[in-house]
Each structure stands twice: as structure tokens, then as C-alpha cells.
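So that the names make sense, note that chain A is the first sequence line, chain B the second, and so on, each numbered from 1.
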2 protein chains.
Amino acid sequence: MKSISLPLNNHSSSRKFLDLCVNNIPETNSYQARTSHRIFHKKQALYSVGDTFEGIFILRSGSAKSFITTIGGEEHITKFFYPGDLLGIDGFDAHSHAQNLHFLETSSVYFLKKSDINGLVKTSDDFRDCLLQSISHAMVCDMSMMMYLSMCSSEQRLARFILDLSMQFAERGLSAKDLLLSMSRTEIANYLGMAIETVSRILSNFQQRGIVDVKHRSLTILNFETLNRCAPNGLSSHVSRIEKSPKKEAVCH
Amino acid sequence: MKSISLPLNNHSSSRKFLDLCVNNIPETNSYQARTSHRIFHKKQALYSVGDTFEGIFILRSGSAKSFITTIGGEEHITKFFYPGDLLGIDGFDAHSHAQNLHFLETSSVYFLKKSDINGLVKTSDDFRDCLLQSISHAMVCDMSMMMYLSMCSSEQRLARFILDLSMQFAERGLSAKDLLLSMSRTEIANYLGMAIETVSRILSNFQQRGIVDVKHRSLTILNFETLNRCAPNGLSSHVSRIEKSPKKEAVCH
DNA sequence: CGTAAGGTTGATCTGAGTCAAGGTTCGTGG
DNA sequence: CCACGAACCTTGACTCAGATCAACCTTACG
């Protein structure tokens, strides 16, 4: 499978992040150079729940999923990752990882150990801003996901998923319409909180309506217009604010 | 309504966080002392989507909710906040807030402006660790919430909600069994992604089964045992790990 | 080449949403 | 302090989106 990797001409914040790390950490010895880049294969784990937190990773190429497991053994996929994404932020909490991370295909990561993070945060304003921005952005995305899960129909969630994927691909310099899914139907269903049969049915339905063309794991978006109408409404941003609820009027003491 | 406020003998990470801020920022003038603490009343907004991000807040007393709004005008509550919680982290992303924050009752917040955060991150290792830990913890909670939303029945979600509330109260030195809800049924339903009628029905049902005693907004947990059995299984942690999937075996280059 | 994993499709069932009606509490102004 | 309207909450009846069960097809891999 052709994997995604971060193109050099990508100036998004994730790319900037990677640059900042690579250019600011003094790689005095070749040992560090060797260990800061690692390659993993499909189904391999980067970390698992309970592993000691040693630092974060930046995905350079390939794709991955993070998931949590209940005591009963059920898994729930919490996120899919693409090049430029930060992996392992969950480890800051208890100094050990709270999630599992597995790769979906052959992938490479850049390792940024805790001491390097601490150093960079002090010395580089850009790095600090980038790190906080990146984490904050991830949280904002999680909030949207929670909204989709709690307010949208299965069709809306799947439409949103495809459109989000398309955006992710486009941001990384790939086609926005020809997508190569790196996850199985089961994984999509699990992530979106629906039965695998439902994913299959909705995809077939989209196909019949001429919205997409799906064959195995390659998906072509034929009609963005209609797909967008299937997806839930976007979030309101400051642009669309008209009237506002009771404004801040603090009482100082 | 009797509001919750952070007790002085609470040595949790949130309390530590607040201490770190108060003790490390030189309050050279009385102006800052006055503006760093603010009191808000029920239904007042701390910030809204699109507001310029000027810093984060620490909730000292009371309670609050954050929510996002779709273009269509629908609201979705993303989180409830209690004393010690960090408010406004969403603003780091685009330098403007991505969510709205309203108070549920009279509350007070401590304001920590951007420049202070940047300064503290450089000078105090404790502050840096606390900030990252706090954000990371919030993300881990969001992940669980996503799992509950996508895999659990309404009854399970509501049971989990009550137990989580109970824990929040206990952590803040209040009774773990006598809860005073600061949010309406509508807000609970919205947060948990279900119809208001469903919340009402499940609460009545819990009452009939002798699990809780609900009257208006005061809720007493009568049977933790049974309530726990209603809630979804907890997450597996490193303690319960037995066998592990393919371990990390990086190929270095 | 055979078996397992992954994927599709149809039939049936049910949890929870929607609609409807009535009760309770709160807040404001007379 | 009471009254009236609005907001909040509860309960019942009906409906439907999507889960579950079942059978079958397709692709990947040792």
C-alpha cells in the first residue's frame, strides 16, 4: 500500500513543529540521530497502556490508531493519525501512557524525549507555542467528535468522516478526492460508534447515489456537494456570530 | 444554591496548580491583584467562540459548562467544570476561543494571562509539568467520554455520569453521596447525547430500584454497588495487563 | 490452494427518539 | 406576598434508526 508521508513543501503547523525539533535539538552524537527516527510495521505497537512515558513522537509517514481498552477487553479507537500528528500526549498525565498506539501500515516516527521537550519549551518560544497550539487543536477536534457522536446520525457521521479524511489528505499534499483507506471497515465502525454492517450499508448507499465510488479500501469522492449535505452542519465560528448571550461583566474584588 | 469551592486542604494537582500561579507571579501592583480574580453569576459568559485568546482561567468556586454551536444554532455541551479545573485551553489553537463558556451558578475564577503562562513555563518546572499534566489529563477524560458516547447505552452513560460527578465532589472535599446538581436535566441530556425524556425516565427507574434518591436537583446515591454495575466497565490500566500485543521493535536507520 | 479475515446484504428486533399532555418550580411584576 | 407565565420536569404511546443475527461472498496470505 502506498503510504502517506509529509511532503517537504508542506508549511502547516505540524510541519513547522517537526522542523523546530530537528533544527533545535543539538544532535551531538550519532546515537541520538539513530534513535530519534524509528520505523514500524503494520500492527506494531508504539506504546501501550501503562508504558512509562518517555517522550512524544511525531508521525513522519504512514498512519496509526490510538485506542483504549475496557476491563472487559473491548477496544475503542479514539483517533487516527497522519503524518505531522503528535503521538503520545496522553503520557504527560500520569507519566505513563493512558492509551495504546498501533500502526496501520509501515510508518516512521520522530522521537522527542521528555528532556528535549522540557529544554525546547524553555529556549524556543516557537516550540512552546507550537506544542500548546497542537495540543489545543487536538482537543478542539475531540470536542467536535464528541458532538458528532452524540448528535448525528450514522450517515452524517460517516459523511463527516470521509470529508475529514479528504481534508487530512489534501493538507498533506495528496488528492482530496482519491482516498486510500488505511483502516478496515471494522475500525471505521468502532471509531464512529456504529455496527460494521451499518458502515457497509451506508457506503453502498452512497455508491448507489453516485456520491462516492468505493472499491475495497480505495474511495473516490464523486460529489463533494452532496456529501457535504449529508454531513452535519459545521461549527459556528466568530465569523458567523451575530448576537451574543450575556457578555462578561466581571465583578472585581 | 450552595456552591462548591476549593478547600484549602486539598492537595490535588489542581490545587497545586493554583498555588503555583499565585505564589510565582509577582503581583507588583494592586491592579493585577484586582483583575486576576473575577466573580461571575449564573448564565454569564466567561468567553465565547471567536473571542481573542488572552489567557487561561482556573475555576476557584462554582461550576461552569463549555459548549460549541453548529451553524444551525444547535448547542452541544462539551464539558462541565468544577473548582480547580482549567478553563480556556481551547484558545491556544487559533489564538481565539473555539468554544463558549458559561457559568452554572455564581463562581469565581483566577485569570492567568498569556504572558504569565509563557513566563512561568520557562521559570518553573513544576508549573510546566502541572500545565502539561492538566491538559493531558483532560484529553484522557475526553477519550473516555468518546468511548462512553459510542459504545454505551443511555443507562450506562447516565450511571457513569453520576459516578463521575460523585468522584469530582469527593475530590473537592464534599460528600460523595449527596450531590447537588448545578445543571438542568436538559443540560445533562445534551451533554450525554440523549433525549431529556430519557434522562428523566432513567432517573425515575434508578429511584424505583432504590439506587438513588432524586428530588429536583439534589441527588443522593443510595447504592454505589448497583450503580457501578449499571455503569460501563472501567478502562484497563497497566495493573491489569497480562499479555501484550506485538511489542515495539523499532528498525533504526 | 485452503482457510481465515474482511466485507456485503437481507430479515428481524429493540433502545431510545419523538410527540403529546400534564404537573411542578421559579422568577417577576402587580 | 401572591399570581401568573415561563421554564423545567415527568410519564405514556408510538415510531424508527440502527443493532443483532444469519447467510454468503471476496480477498489476502501461509
Quick one: CD1 on A:Ile211 to CG on A:Leu222, what's the gap to the nearest 0.5 Å?
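A:Ile211 CD1 to A:Leu222 CG: 9.0 Å, rounded to 0.5 Å.
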At how many degrees, to 10°, do the end axes of the helix from C:dC1-D:dG30 to C:dG30-D:dC1 meet when each uses five pairs?
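Both end axes considered, the difference amounts to 50°.
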Using ring centroids (six-membered ring only for Trp), state whether A:His37 and A:Phe111 fall under 6.0 Å.
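So the answer is no for these two rings.
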Establish, yes or no, whether a centroid distance under 6.0 Å links the rings of B:Phe80 and B:Tyr191.
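Ring centroids of B:Phe80 and B:Tyr191 are less than 6.0 Å from each other.
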In this structure, how many angstroms lie between the [atom2] atom of [N] and the [atom1] atom of [X], rounded?
{"X": "A:Ile188", "N": "C:dT8", "atom1": "CD1", "atom2": "P", "result": "9 Å"}
{"X": "A:Asn190", "N": "C:dG6", "atom1": "CG", "atom2": "C1'", "result": "15 Å"}
{"X": "B:Leu104", "N": "D:dA7", "atom1": "CG", "atom2": "P", "result": "18 Å"}
{"X": "B:Gln208", "N": "D:dG12", "atom1": "CD", "atom2": "C1'", "result": "13 Å"}
{"X": "B:Lys215", "N": "D:dT10", "atom1": "NZ", "atom2": "C1'", "result": "16 Å"}
{"X": "B:Met151", "N": "D:dA19", "atom1": "CE", "atom2": "C1'", "result": "15 Å"}

What salt bridge (charged side-chain N to carboxylate O under 4.0 Å, His left out) pairs are there with at least one residue in residues 195-207 of chain A, not counting sequence neighbours?
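Matches after skipping sequence neighbours: none remain.
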Taking ring pair (Phe, Tyr, Trp, His ring centres under 6.0 Å) as the definition, give me every residue that meets it alongside B:Phe103, ordered by chain and number, with sequence neighbours left out.
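Ring pair (Phe, Tyr, Trp, His ring centres under 6.0 Å) list for B:Phe103, sorted by chain: B:Phe40.
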Under 4.0 Å between any heavy atoms, over every strand shown, what does B:Ser200 touch: base, sugar-phosphate, or nothing? Just pick one.
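Base, at least one base heavy atom under 4.0 Å.
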Between the side chains of B:Ser108 and B:Ser61, is a donor N or O closer than 3.5 angstrom to an acceptor N or O?
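The criterion, which ignores hydrogens and geometry beyond distance, is satisfied for B:Ser61 and B:Ser108.
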Look at the side-chain N and O atoms of B:Ser184 and state whether any lies under 4.0 Å from the OP1 or OP2 oxygen of D:dA7.
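So the side-chain polar atoms of B:Ser184 never come under 4.0 Å of the phosphate oxygens OP1 or OP2 of D:dA7.
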It should be established whether A:Arg217 places a side-chain nitrogen or oxygen under 4.0 Å from OP1 or OP2 of nucleotide C:dG6.
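Indeed not, no polar side-chain atom of A:Arg217 lies that close.
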For nucleotides 10-17 of chain C, read 5' to 3', which letter fits each nucleotide if B means a protein heavy atom sits under 4.0 Å from the base, S means only the sugar-phosphate is that close, and - means neither?
BB----SS
Per-nt protein contacts along nucleotides 25-30 of chain D (heavy atom under 4.0 Å; B base, S backbone sugar-phosphate only, - none) come out as --S---
Mind checking what makes side chain to side chain donor-acceptor pair (under 3.5 Å) contact with A:Ser150, not counting sequence neighbours?
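Residues passing side chain to side chain donor-acceptor pair (under 3.5 Å) with A:Ser150: B:His76.
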Please say which of A:Thr78, A:Leu149, A:Thr69, A:Ile68 ends up in a side-chain contact (heavy atoms from CB on, under 4.5 Å) with B:Met147.
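So the option named by the test is A:Ile68.
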Contact between B:Leu203 and B:Leu219 at the side-chain level, heavy atoms closer than 4.5 Å - yes or no?
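When only atoms from C-beta onward are counted, B:Leu219 and B:Leu203 do touch, with a gap below 4.5 Å.
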Where do A:Ile162 and A:Ile221 come nearest, in terms of heavy atoms and distance?
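In this case the closest contact between A:Ile162 and A:Ile221 is CG2-CD1, 3.8 Å.
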Under 4.0 Å between a side-chain nitrogen and a carboxylate oxygen: does that hold for B:Arg172 and B:Asp85?
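Salt bridge flag = yes for B:Asp85 with B:Arg172.
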